[in-house]
S.K.: 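First the structure, then my questions, so here it is.
We count ligands from 1, going down the list as the structure has it; atoms in each ligand are counted the same way. This one's a predicted model, so the numbers in the text were calculated from it and none came from an experiment.
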Amino acid sequence: MNKFTPAKAAGARSVDEITGSRRLRRMRKADWSRRLVRENRLSVDDLIWPIFVVDGKNIREPIAAMPGVFRLSLDLAVKEAERAAKLGIPAIATFPNVELGLRDQTGSHILDPENVINRTTRAIKHAVPEIGIITDAALDPFTSHGHDGILRDGIIVNDETVEQITAAAVIQAAAGADIIAPSDMMDGRIGAIRDALDANGFQDVAIMSYATKFASAFYGPYREAVGTAGLLKGDKKTYYLDHANSDEALREAEQDLAEGADMLMVKPGLPYLDIIRRLKDEFRMPTFAYQVSGEYSMIRAAAANGWIDGDKVMLESLLAFKRAGCDGILTYFAPEVAEMLKG
Ligand code: PBG
């Protein structure tokens with residue numbers, strides 16, 4: 001027998017005495033009251049949909065590590081953009097899987113105004129002018145080594161990379177991109193891109209800085225999607241943030257804002273909610289999270305095994321970003337969530 005008697009020892013206080021009659025469960029008692037006091041909501045306006053594009057026609061190629069996500073040829077990407085706009089999704093972010101033969105040491109194909117990204121931007125802007133287009137000015141899908149920068153003697157050279165992505169950003173803006181989102185983490189890129197956009201008449205093109213992009217293992221499935229998985233030698237620790245650091249993330253964001261970033265992004269998302277909250281509190285800027293491929297695939301995989309309720313975990317994870325201070329989320333779940341929010 002347990003020698004400890006629960007409650008009601010002589011002189012034990014009642015719950016009302018303990019809580020001073022404050023009972024937090026009162027407002028949780030019914031659906032109507034929970035709705036009434038709810039602090040955060042997820043809406044379709046919070047969603048940015050990252051899509052993968054490839055050359056060709058009528059291609060809808062599954063990505064093994066990302067069930068439910070496809071590489072789309074331009075014609076189908078336009079159709080998906082139309083669907084997204086109808087659902088009310090504000091913006092799309094495009095990422096290319098470039099033919100291997102077009103990749104080289106410096107990622108020079110990023111400067112081709114006719115590359116698949118720029119053609120996709122033009123086609124979507126033409127067919128669906130009301131949707132925002134975000135393009136990545138990073139070199140990784142264009143280099144033969146899968147790094148985001150120009151590689152010389154084992155070093156990712158900063159300044160030469162900045163020149164290259166700055167030129168690419170102007171070409172992307174000329175194709176119709178509304179927001180340039182450089183994901184490479186080179187020093188000085190935001191200021192350089194801002195100067196170049198302005199000098200070329202693109203004052204209205206915004207910059208979403210991947211201000212705090214961490215060296216992370218959560219990007220695995222993405223690298224399969226854009227075909228850099230087999231190419232990448234080494235890791236990206238000399239340019240992405242050390243994922244042990246939080247003060248440094250603030251310094252990165254501060255620097256990017258000083259250089260002219262209009263919006264901040266934290267990437268990956270869910271394991272970095274503390275960074276989102278710190279950035280929002282510190283800078284009060286439009287703040288976004290990228291729920292990256294690994295986060296997406298983990299939810300999908302567990303759901304496929306019947307271990308979690310996939311829909312509920314998807315919605316809970318996205319609401320967590322809102323609670324942490326996000327204004328919006330880049331998520332591969334975007335169209336699915338938009339459908340659910342509509343229903
Ligand atoms: C690289 C880039 C990455 C992602 C988008 N652009 C990371 C990487 O490959 O190192 C990750 C996106 C995702 O995982 O969903 N510039």
S.K.: Is a salt bridge present between D198 and R194, judged by a nitrogen-to-oxygen distance below 4.0 Å?
M.R.: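 Answer for the salt bridge query: yes.
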S.K.: For the pair D262 (side chain) and I207 (backbone), establish whether a donor and an acceptor sit closer than 3.5 Å, ignoring hydrogens and angles.
M.R.: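 Side chain of D262 to backbone of I207, a donor-acceptor pair under 3.5 Å: yes, one is there.
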S.K.: Quick one: does T228 get a heavy atom under 4.0 Å from ligand 1?
M.R.: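 It does not; every heavy atom stays at 4.0 Å or beyond.
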S.K.: Just jot down the ligand 1 atoms closer than 4.0 angstrom to any heavy atom of D140, in number order.
M.R.: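 Selected atoms, number and element: 1 (C), 2 (C), 16 (N).
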S.K.: Please check this pair: side chain of D148 against backbone of D140, looking for a donor-acceptor N/O pair closer than 3.5 Å.
M.R.: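 Side chain of D148 to backbone of D140: no pair is present.
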S.K.: So which protein heavy atom does atom 9 (O) of ligand 1 come closest to, and at what separation?
M.R.: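 Residue, atom and distance for the closest contact: R223 NE, 3.0 Å.
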S.K.: Would you indicate which of Y219, F214, Y296 comes nearest to atom 7 (C) of ligand 1 when only heavy atoms are counted?
M.R.: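 Answer by nearest heavy atom: Y219.
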S.K.: Which ligand 1 atoms does Y240 reach within 4.0 Å, using its non-hydrogen atoms?
M.R.: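 The list of qualifying atoms is 1 (C), 7 (C), 8 (C), 10 (O), 16 (N).
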S.K.: My understanding is that only one of N115, I117, V116 makes a side-chain contact (heavy atoms from CB on, under 4.5 Å) with R119; could you say which?
M.R.: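 Answer after filtering N115, I117, V116: V116.
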S.K.: Quick one: which ligand 1 atoms are inside 4.0 Å of a heavy atom on Y290?
M.R.: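 Within the 4.0 Å cut-off of Y290, ligand 1 contributes 12 (C), 15 (O).
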S.K.: Does the side chain of S73 come under 3.5 Å of the side chain of D75 through a donor N or O and an acceptor N or O?
M.R.: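 Looking only at side-chain atoms, D75 and S73 do form a donor-acceptor pair, the distance falling under 3.5 Å.
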S.K.: I'd like to know whether I156 forms a side-chain contact (heavy atoms from CB on, under 4.5 Å) with M185, so could you lay out the CA-CA distance, the side-chain angles of the two residues, the decisive distance to 0.1 Å, and finally the verdict.
M.R.: CA-CA 11 Å; I156 302 297; M185 293 298 284; over 6 Å; no
S.K.: Give the atom numbers and elements of ligand 1 that come within less than 4.0 Å of a heavy atom of S293.
M.R.: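 Listed by number with element, the hits are 13 (C), 14 (O), 15 (O).
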S.K.: If you have a sec, work out which protein heavy atom is nearest atom 5 (C) of ligand 1 and how many Å separate them, to one decimal?
M.R.: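 Looking at atom 5 (C) of ligand 1, the protein heavy atom closest to it is K267 NZ, 2.8 Å.
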S.K.: Below 4.0 Å, non-hydrogen atoms only: which portion of D148 touches ligand 1? Side chain, backbone, both or neither.
M.R.: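 The answer is the side chain.
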S.K.: Do E160 and Q164 get their side chains close enough for a donor-acceptor pair, meaning under 3.5 Å?
M.R.: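 There is no such pair (donor and acceptor under 3.5 Å, judged by atom type) between the side chains of E160 and Q164.
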S.K.: At a non-hydrogen distance cut-off of under 4.0 Å, which region of Y332 contacts ligand 1 (side chain, backbone, both, or neither)?
M.R.: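 The answer is the side chain of Y332.
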S.K.: Among all protein non-hydrogen atoms, which one is nearest to atom 2 (C) of ligand 1, and what is the separation to 0.1 Å?
M.R.: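 In this structure, atom 2 (C) of ligand 1 has K213 NZ, 3.1 Å as its nearest protein heavy atom.
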S.K.: With a heavy-atom distance limit of 4.0 Å, tell me whether A138 approaches ligand 1 through its side chain, its backbone, both, or neither.
M.R.: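 The part of A138 near ligand 1 is the side chain, not the backbone.
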S.K.: Taking D309 for its side chain and K312 for its backbone only, find out whether a donor-acceptor pair lies under 3.5 Å.
M.R.: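 Yes; judged by distance alone, with no hydrogens or angles, the pair exists.
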S.K.: May I ask you to establish whether K213 and Y290 are in a cation-pi arrangement, using a distance under 6.0 Å from NZ or CZ to the six-membered ring centre and at most 45° from the ring axis?
M.R.: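 No; the conditions do not both hold, so K213 does not lie above the ring face of Y290.
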S.K.: Can you tell me which residue and heavy atom of the protein come closest to atom 6 (N) of ligand 1, and the distance to 0.1 Å?
M.R.: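 Nearest neighbour among protein heavy atoms for atom 6 (N) of ligand 1, to 0.1 Å: Y222 OH, 3.0 Å.
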S.K.: May I ask you to check if ligand 1 and Y210 share an N or O to N or O distance below 3.5 Å?
M.R.: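 No; every N/O pair is 3.5 Å or more apart.
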